[in-house]
Amino acid sequence: MHLFHKVKFAFLGLVRGIFLTALGGAQLWASAHATGFDCLIEANQLIELASPVSGLLEKVTVKRGDIVRKGQILAQLESRAEQASTELARYKSEQLGPVRMAESKLEFSKRKFVRRKDMAAEKLMSPQERDDAEAEYSLAEAELVVAKDNKHLARIEYQQQGALLALRTIRSPFDGVVVDQLAYPGEVVELGSSRKAILKVAQLDPLRVHVILPKEVFGKLTVGMSVEVTPETNAKGRYAAKVRSIDKVIDAASGTFVVFLDLPNPKLEIPAGIKCRTALTGIELPASMSRNKSSVSANQ
């Protein structure tokens, strides 16, 4: 019986050794074919929207958590005076009277000058009267030019007033999500160092994945390369991201460099601000790094 237990324990030890050897080999194979590193999923853009002009905040059309589209109106300042100025400029730009009056005066002056010129040639009128008619004709031509210039200037003023009015409307610069509301209707929005933002908006499609890699991997990645990303909130969910940019400078103190990935998120199902794990398929680690990783795994 005692001999039986010795054989049993020896057999179990042999099986455990074979299992650990196979497990270690599998881990080494995985590290050689899909090297993993920790990463952080961030919003592609996170901005605070403020007004470029001072004024009274009249309304905010969205709230925290709302999905917004590029160009959508998010907030407006009180703008009745600016609207009136824009309407006045529009009316001036569409006026036809001054130009038509100048054209009629020019036509009349031209006929008058032609008649007096012919009469002066037949000695029926003094040269002075002919010269007066010619001067009146030249003046009418100049008045028509001034009328057309004023109409063109009125159009430019209308565009200027329209642009000033548009500055009092805050629009979304991209498709995104409202993260926070920082100002409310009735508050005065001011410029300068004390300027207060109205809304904070984040762009979540695509997401930006921040990865810090060891210098040993430098040169093995290319822009556009596909990388597998697994968010910590969904261990079973794996998503394909692409390399957006690779730092050209390695941090001497840590021996690392930064890579940014673009992670498509059309349904906004992946939140920003969470940790993740990347799998760099096809990238092999140096032998020293592989041994370190396998020893850590065996100890665990």
Side-chain angles (χ1 to χ4, degrees), residues 25-49 65-72 171-179 199-294 296-297:
Q27 290 173 340
L28 286 174
W29 184 91
S31 67
H33 290 78
T35 305
F37 295 94
D38 292 332
C39 56
L40 178 64
I41 298 177
E42 304 171 332
N44 191 37
Q45 295 186 70
L46 180 61
I47 63 173
E48 293 185 350
L49 291 177
D66 284 354
I67 298 175
V68 297
R69 299 301 177 189
K70 182 178 180 179
Q72 179 180 338
R171 298 178 181 271
S172 176
F174 46 70
D175 294 348
V177 176
V178 178
V179 177
L199 294 167
K200 184 181 289 186
V201 182
Q203 184 183 27
L204 302 182
D205 182 32
L207 290 166
R208 183 178 68 176
V209 181
H210 186 170
V211 190
I212 300 178
L213 300 176
K215 61 184 180 182
E216 288 79 7
V217 185
F218 189 81
K220 298 183 179 181
L221 286 84
T222 57
V223 174
M225 176 180 175
S226 182
V227 178
E228 188 178 86
V229 177
T230 304
E232 67 174 355
T233 56
N234 186 4
K236 297 182 180 179
R238 296 180 180 180
Y239 303 89
K242 290 188 178 297
V243 177
R244 176 202 296 181
S245 65
I246 304 172
D247 277 4
K248 303 301 182 183
V249 178
I250 296 177
D251 182 67
S254 61
T256 59
F257 65 101
V258 175
V259 173
F260 287 109
L261 314 176
D262 278 335
L263 176 60
N265 189 28
K267 297 181 180 180
L268 305 183
E269 60 186 0
I270 308 173
I274 61 173
K275 295 179 181 180
C276 58
R277 187 77 176 171
T278 59
L280 307 181
T281 305
I283 294 181
E284 297 184 4
L285 291 176
S288 59
M289 293 187 66
S290 299
R291 283 195 299 269
N292 292 336
K293 291 186 68 175
S294 61
V296 171
S297 300

Novice: Mind checking the OG1-NZ spacing from Thr222 to Lys220? Nearest 0.5 Å is all I need.
Specialist: 13.5 Å
Novice: Nearest 0.5 angstrom please: Ile47 CD1 to Ser172 OG, how far?
Specialist: 7.0 Å
Novice: Once rounded to the nearest 0.5 Å, what's the spacing between atom CG of Leu204 and atom CD of Glu269?
Specialist: 12.0 Å
Novice: Write down the atom of Gly71, the atom of Arg171, and the distance for their closest heavy-atom approach.
Specialist: O-NH1, 3.0 Å
Novice: Taking side chain as C-beta onward, heavy atoms only, is Val259 less than 4.5 Å from Val243?
Specialist: yes
Novice: On a heavy-atom basis, which atom in Pro264 and which in Ala240 lie closest, and how many Å separate them?
Specialist: CD-O, 3.5 Å
Novice: To check you understand the geometry: which heavy-atom pair defines the closest contact between Gln203 and Asp175, and what is its length?
Specialist: CG-O, 3.6 Å
Novice: Of all the heavy-atom pairs spanning Ile41 and Pro271, show the shortest one and how long it is.
Specialist: CG2-O, 3.8 Å
Novice: Got a second to check how far Thr256's OG1 is from Phe218's CZ, nearest 0.5 Å?
Specialist: 12.0 Å
Novice: Using side-chain heavy atoms (C-beta onward) and a distance below 4.5 Å, is Tyr239 in contact with Asn265?
Specialist: no
Novice: Taking the side chain as everything from C-beta on, heavy atoms only, tell me whether Leu221 gets closer than 4.5 Å to Leu213.
Specialist: yes
Novice: For the side-chain contact (heavy atoms from CB on, under 4.5 Å) test, which of Thr278, Leu280, Val227, Val229 pairs with Val211?
Specialist: Thr278
Novice: Check this for me, if you would: do Lys275 and Glu232 make a salt bridge, where the nitrogen-to-carboxylate-oxygen distance has to be below 4.0 angstrom?
Specialist: no
Novice: Can you name the one residue among Phe37, Phe257, Phe260 that meets ring-ring contact (aromatic ring centres under 6.0 Å, His included) with His210?
Specialist: Phe260
Novice: Working to the nearest 0.5 angstrom, can you tell me the gap between Leu207 CG and Gln45 CD?
Specialist: 12.0 Å
Novice: Which pair of heavy atoms, one from Gly237 and one from Thr230, lies closest together, and at what distance?
Specialist: O-CG2, 3.5 Å
Novice: Taking NZ, NE, NH1 and NH2 as the nitrogens, is one of them in Asp38 or Arg277 under 4.0 Å from a carboxylate oxygen of the other?
Specialist: yes
Novice: Mind listing the closest non-hydrogen atom pair of Leu40 and Cys276 along with its distance?
Specialist: N-SG, 3.7 Å
Novice: CD/Glu228 to CG/Leu261 distance, rounded to the nearest 0.5 angstrom?
Specialist: 12.0 Å
